[in-house]
Amino acid sequence: MEGGSEMKVMTIVQAVTDALDIKLAEDPTIVTFGEDVGVEGGVFRVTEGLQKKHGEHRVFDSPLAESGIVGTAVGMAMAGLRPVVEMQFCGFVYPAFNQIISHAARIHNRSRGRYKTPMVIRFPYGGGINALEHHSESMEVLYAHIPGLKVVVPSTPYDAKGLLISAIESDDTIIFMEPKRIYRAIKQEVPEEKFTIPIGKAKVLSEGTDVTVVAYGAMIREAQKALALAKKDGISAELIDLRTIYPIDRETIAQSVKKTGRLVVVHEGPTTFGVAAEISAMVEEDVFQHLEAPVTRVTGFDTIVPLPRGEHHYIISPEKIYYGIQKSVRY
Amino acid sequence: MEGGSEMKVMTIVQAVTDALDIKLAEDPTIVTFGEDVGVEGGVFRVTEGLQKKHGEHRVFDSPLAESGIVGTAVGMAMAGLRPVVEMQFCGFVYPAFNQIISHAARIHNRSRGRYKTPMVIRFPYGGGINALEHHSESMEVLYAHIPGLKVVVPSTPYDAKGLLISAIESDDTIIFMEPKRIYRAIKQEVPEEKFTIPIGKAKVLSEGTDVTVVAYGAMIREAQKALALAKKDGISAELIDLRTIYPIDRETIAQSVKKTGRLVVVHEGPTTFGVAAEISAMVEEDVFQHLEAPVTRVTGFDTIVPLPRGEHHYIISPEKIYYGIQKSVRY
Amino acid sequence: MFKEFSPLEDKLFQVMDKDGEIIAPEWMPEISDERLVKAFKDMLFARTADLMAVSYQRQGRMFTYPPNFGQEAIAGGMAIVMRDQDWLVPAFRELGAWLAKGASLRDIFLYFMGYEEGTVFRGANNMVPIAVPIASQIVHAAGIGYAINYNKKDEVVYAVVGDGGTSEGDFAEGLNFAAVWNAPVVYIVQNNQFAISVPFKKQTRSINIAVKGIAFGVDSIKVDGNDIFAMTKAVQVAHEHASSGKGPVLIEAVTYRRGAHTTSDDPTKYRTKEEEESWACYDPIDRLRKYLVKKNLWDESKEESLISEYKKEVDRQFEAAENYAPYPLEDVFKYLYVDMPDDLKVQKVEHEKFLKWKEGLK
Amino acid sequence: MFKEFSPLEDKLFQVMDKDGEIIAPEWMPEISDERLVKAFKDMLFARTADLMAVSYQRQGRMFTYPPNFGQEAIAGGMAIVMRDQDWLVPAFRELGAWLAKGASLRDIFLYFMGYEEGTVFRGANNMVPIAVPIASQIVHAAGIGYAINYNKKDEVVYAVVGDGGTSEGDFAEGLNFAAVWNAPVVYIVQNNQFAISVPFKKQTRSINIAVKGIAFGVDSIKVDGNDIFAMTKAVQVAHEHASSGKGPVLIEAVTYRRGAHTTSDDPTKYRTKEEEESWACYDPIDRLRKYLVKKNLWDESKEESLISEYKKEVDRQFEAAENYAPYPLEDVFKYLYVDMPDDLKVQKVEHEKFLKWKEGLK
Ligand SMILES: Cc1ncc(C[n+]2csc(CCOP(=O)(O)OP(=O)(O)O)c2C)c(N)n1
Ligand SMILES: Cc1ncc(C[n+]2csc(CCOP(=O)(O)OP(=O)(O)O)c2C)c(N)n1
Ligand SMILES: [Mg+2]
Ligand SMILES: [Mg+2]
């Protein structure tokens, strides 16, 4: 994909910064803003250094108002800019919900293509960082179910960079959810130059024959640990990183399940009406006759993510995934 | 259920009015408000006459601000009232999303039970009335996926009355979605006195042996027409009215599918991450070995509901349900 | 102007009284006689189209429609000032402004007949679609204004909202962003005294809407919205203010919705005949006509035949809309994304299969 | 008061200067010497607890914590006026007000240690949980106020928010509802000059926050929030105003967040040492101390031992929090609904099965 590019070790945070930096340098219509995004560089330091480098008109602080942030981005996009906005935490996107569902997702359809909204709404999601309420949720379904949006979740620094560049280059509105739990936990060699990863395509991370495991974001690392446990047990599991939540790459999943006959879906968000439900329904539609066991969901409780002292109850451990794998294989 | 009560022919609108009227008369802590709810009696005339009867402090107009309406209701509920608020249309709930997800759904959990939010957020939903954009959508999943909410959808005047009374009497926050397409289209004898229908229980509307059809709201009437078509074709279908979208009555569905081996789920909202996906996943978990065909979804496109001239493309016809039934049965 | 007519003292900016007399000549905007007559004719055309829309709707030839009756001078004033390169961010009740921007009446009818095509306004440069979710467009205007500054363009954004809309959080957020960013936006609130059935007094406790601008450091003025001269002058000053880098302006245009909220609404439920009549003498078209007649710029006897000409034109446009192509299945899917997901393609194909099967049923 | 100190002229209501001199004796609130000394001690206690919280956090014994350092007089003034039956609708940075309302320090620590139990505030009558989503609580206060009027109760609602919070749509919607409903709410904006890293000037273009009240017809005043006397007087007048049926009041309390936004924040990134120092001489505790010493109501030499007493008490409370029971699995599920869906019961049982299985793994 990127022949001969220099590599650099990056965290997910650095990969996101790098993607923004590259695109800001390359395309003068790109602006990025949000609460504390400018001077401070964001509460997770994702935009650190970018204001100094690209100027105050391109990287800046906004007033504290999420509907204002997304809504002005919609206006900018209609006027020809390509805004990338940051919502500070997953739990603080909701004030912007009307602008997202009624406008960011729909202007192109409403105007029969006259106006586009090439914008990215990025925010950290997920638990595991000992945070207050509203800071730990995984509500990707709320976006993925909305016609007109695409939802992307990277799981590694490499993917974060390549997917974010694709998201910024997309002419559609992209919800870009960053697994904050592993913001700095994973370091990986990433090409220094620009590259893209297609939106809507899952990736088979490791091949296996007994069972397919689908996960994304911070759950990939946990799933990999679970696969190691399973392997010791003689179970050969295939791991698929979904990468995009909508549109789902049903083909890749179907192909895998055709081979393994069994499927475990892992995600942090609530079980009921969760991503696993949709994958379960799709797989049934696509490869019903190959299914040797019901799809197993290893997913969040239908509860609010507890405050830190209770979070271990909620968070999905490698063991719990492994448990799900066993359940599926032994069905 | 209600031995000896007088019956009265009602539409869904009248049944909702009647439920509100009965509860307002019975419980002085109940108030109901929203845009145009007071003097005018609401744009669908659901609260007509109630202000005159119960007074301006109990039935009233609010400023035009959905977050304000839901948020003040949360405050009222914490202070001991039992508010029932109206959102004018399904597409205008989104400005209130933060108050719904972050507070209405969570105050009880956050305060470890010290504060309750016994409130009902009711609004008309669904297509088929030749309306502008934002007036026709069915986004029940956006609420059903949120931990802390319950979501109720009646399909008949009888159910509207009994379920709304239960919703008002519930100490939890209830999203009450009214199928506006059949607001006045169905007339039915309904007991004049108070009665309740349990939240969280589906109803088997007609028994059958070949296939189970699950639907709710305005789709029930369409499903009944489809069943008539199927019957002519010699197919015996069992029809289940879900009544509550969360918590789903998985037991009733599972029992039925155990018997029929086949399931068709019908809803107006978008397919992907829709209600049918969850039901599909549940059924697979519960009665995998009884499933003789993949669950068939007869559901909305993953698009925005088109404006009236294109709505016929989107709307689910009895024929389309029948097509789904055939597909399932002939699998 | 903003100082002389401070909204804090609830001053009303007025140039012409209800009898068409100029009561504040020092504030009279410069408009050529010709342009003024054109403005009158445009308002007359808009009213003709508006009244006919209501009757088309009654005939069952169109869906719900929101009448503009009585509010025509607001768009009239905007029309005089707005340039081709300026942006129009509409709400849904400013027909005259849409027409002035170049939207075709046929398209507008198409919208209320139920075609998305009708809100594209292809002929209208820099006009965005109608905003149904109240006040959400106020925020877009700030963003467009940011983009104008960013690209150093000579453009001004006109954004419209109703009195009810000022209660929405987005009204506040939008004004705040526009102010902080010094965006060149002219916000026009059509205070027609009602949000459906809810009267202004129940919408807010503030003395007027213009004072709301103060919350955001935005220069604001309360204008007689039925006075074409006051509207024009206020919009001129606001335009100049915004385009010279002084930031957004808020104009409260005081008017009265003489018609129903929409064709589905029945105002007798919530207001009196007397109130309606008390506003009739402030009708913006009558006032301008009086002025023009006094100045010998208009001959009332010609009006009838002009209106019947307009009616024919409106009918022509309406019929063009009625004869518009049917809505293909494809259009449900085609525009949702620039890059359409396969899922959607499959859903369309599946639906076509069903349609074929259904054909076979018959 | 609202007229004399009109926010439109950006007047600042101040009673005591930075050296503890009373500069506006006519506005001096009536407070007994005893009560005043108690107020001082309470502020001192709050500061002690606050500083210790920061150091507990640094020791890794607590999660992220938002310091109150420098803002203590705002809660101090509220504490003098708020009655047991009054409501407190907190944001998250008004420790002294929570304590005054009867919240136990142990519970507060519990919250920042990661227990929901810590935001229940069982000892505090009519206090609702901390509101993390900025400004959302402003709307709740209006609703509580409605309920108070509805039940004809003698209660006033105190609702707190930060300067950044005034940009959220909910701030506007809440104030508007409270005003239209004539709700007895005292809104207090702690304008500590920053929303995390974003300075007041980037938050709004208005001259101050108090003027924002005008948008809603709400009497408003800008107060020196580091002046306990000005705060107390303003809150007294506001309380009287609200509880006598005149509707809500907005108090902008001008202060400075001397500490970091939270323990995860590093203010050197976005502000200068000089700026920080320029505010140090306005420290609310220092100012009150100066006044008390001059009046012979306080002996500075006693302070050290008092503080070490406080430290012991804070430690005791903190340790009680540290020794709090572990968080049972059950509590994840138990409180979400009053009437728990079966689904949730099943999820808990399934998880317990997994835990048993996991035990077996080892
Ligand atoms: C967010 C939202 N809530 C509710 C509605 C329904 N609605 C349509 S028009 C209207 C009243 C608008 O009043 P106002 O802003 O005064 O404008 P006017 O209709 O008087 O021109 C309402 C409540 C809507 N379109 N959007
Ligand atoms: C809706 C929402 N958006 C963003 C945040 C993240 N956040 C927490 S505190 C804060 C700044 C608040 O500033 P201000 O209102 O001035 O209060 P202060 O922290 O200065 O007391 C932000 C942006 C949040 N809690 N809620
Ligand atoms: Mg209006
Ligand atoms: Mg602040």
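Each chain gets a letter, A, B and so on, in the order the sequences are listed, and its residues count up from 1. All values reported here derive from a predicted model rather than from experimental measurement.
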key: R45(A), part contacting chain D, at a heavy-atom distance under 4.5 Å   = side chain

task = Could you tell me if the ring centre of F109(D) sits under 6.0 Å from that of Y56(D)?
result = yes

ask   = Are K225(A) and E222(A) close enough, and set up right, to give a salt bridge (Lys or Arg N to Asp or Glu O under 4.0 Å), and what steps lead you there?
value = CA-CA 5 Å; K225(A) 291 179 194 157; E222(A) 309 309 291; 3.7 Å; yes

query = Is it the side chain or the backbone of P328(D) that comes within 4.5 Å of chain A heavy atoms, both, or neither?
reply = backbone

request  = Determine whether the aromatic ring centres of Y143(A) and F123(A) lie less than 6.0 Å apart.
outcome  = yes

remark   = So, the part of I196(D) with a heavy atom under 4.5 Å from chain A: the answer is both

key: Proximity breakdown for L329(D) and chain A, heavy-atom pairs closer than 4.5 Å   = both

query = chain D heavy atoms under 4.5 Å from E311(A): which part of the residue, side chain, backbone, both or neither?
reply = neither

note = So, the part of S67(A) with a heavy atom under 4.5 Å from chain D: the answer is neither

Contact origin within D265(D) toward chain A - heavy atom pairs under 4.5 Å = side chain

Verdict with reasoning, K348(D) to E352(D), per salt bridge (Lys or Arg N to Asp or Glu O under 4.0 Å) = CA-CA 6 Å; K348(D) 182 171 158 274; E352(D) 281 163 342; 3.4 Å; yes

task = Please flag which part of F92(A) lies under 4.5 Å from any non-hydrogen atom of chain D: side chain, backbone, both or neither.
result = side chain

task = Below 4.5 Å from any heavy atom of chain A, which atoms of K358(D) appear? Answer side chain, backbone, both or neither.
result = side chain

task = Take the angle between the ring planes of F354(D) and H351(D) and call it parallel below 30°, perpendicular above 60°, tilted in between.
result = tilted

key: Region of D331(D) in contact with chain A, defined by heavy-atom distances below 4.5 Å   = neither

query = Is chain D contacted by the side chain of E40(A), its backbone, both, or neither, given a heavy-atom distance below 4.5 Å?
reply = both

key: Top contributor to chain D contacts, counting heavy-atom pairs under 4.5 Å, from Q326(A), H312(A), E133(A)   = Q326(A)

query = Which word best sums up how the rings of F89(A) and F44(A) line up, parallel for under 30°, tilted for 30 to 60°, or perpendicular for over 60°?
reply = perpendicular

ask   = Among G38(A), A65(A), G41(A), who wins on heavy-atom pairs under 4.5 Å with chain D?
value = A65(A)

ask   = Do you know which of T119(D), L361(D), D170(D), V198(D) has the most heavy-atom pairs under 4.5 Å to chain A?
value = V198(D)

ask   = Where does the angle between the aromatic ring planes of F301(A) and F333(D) fall among parallel (under 30°), tilted (30 to 60°) and perpendicular (over 60°)?
value = tilted

message = Counting heavy-atom pairs under 4.5 Å with chain A, which one of D266(D), L355(D), I134(D) comes out on top?
response = I134(D)

query = With under 30° as parallel and over 60° as perpendicular, where do the rings of Y327(D) and H313(A) fit, or are they tilted in between?
reply = tilted

ask   = Side chain of E252(D), backbone of I209(D): donor and acceptor closer than 3.5 Å?
value = yes

query = Is the charged tip of R271(D) near the ring of F194(D): under 6.0 Å from the six-membered ring centre and within 45° of its axis?
reply = yes

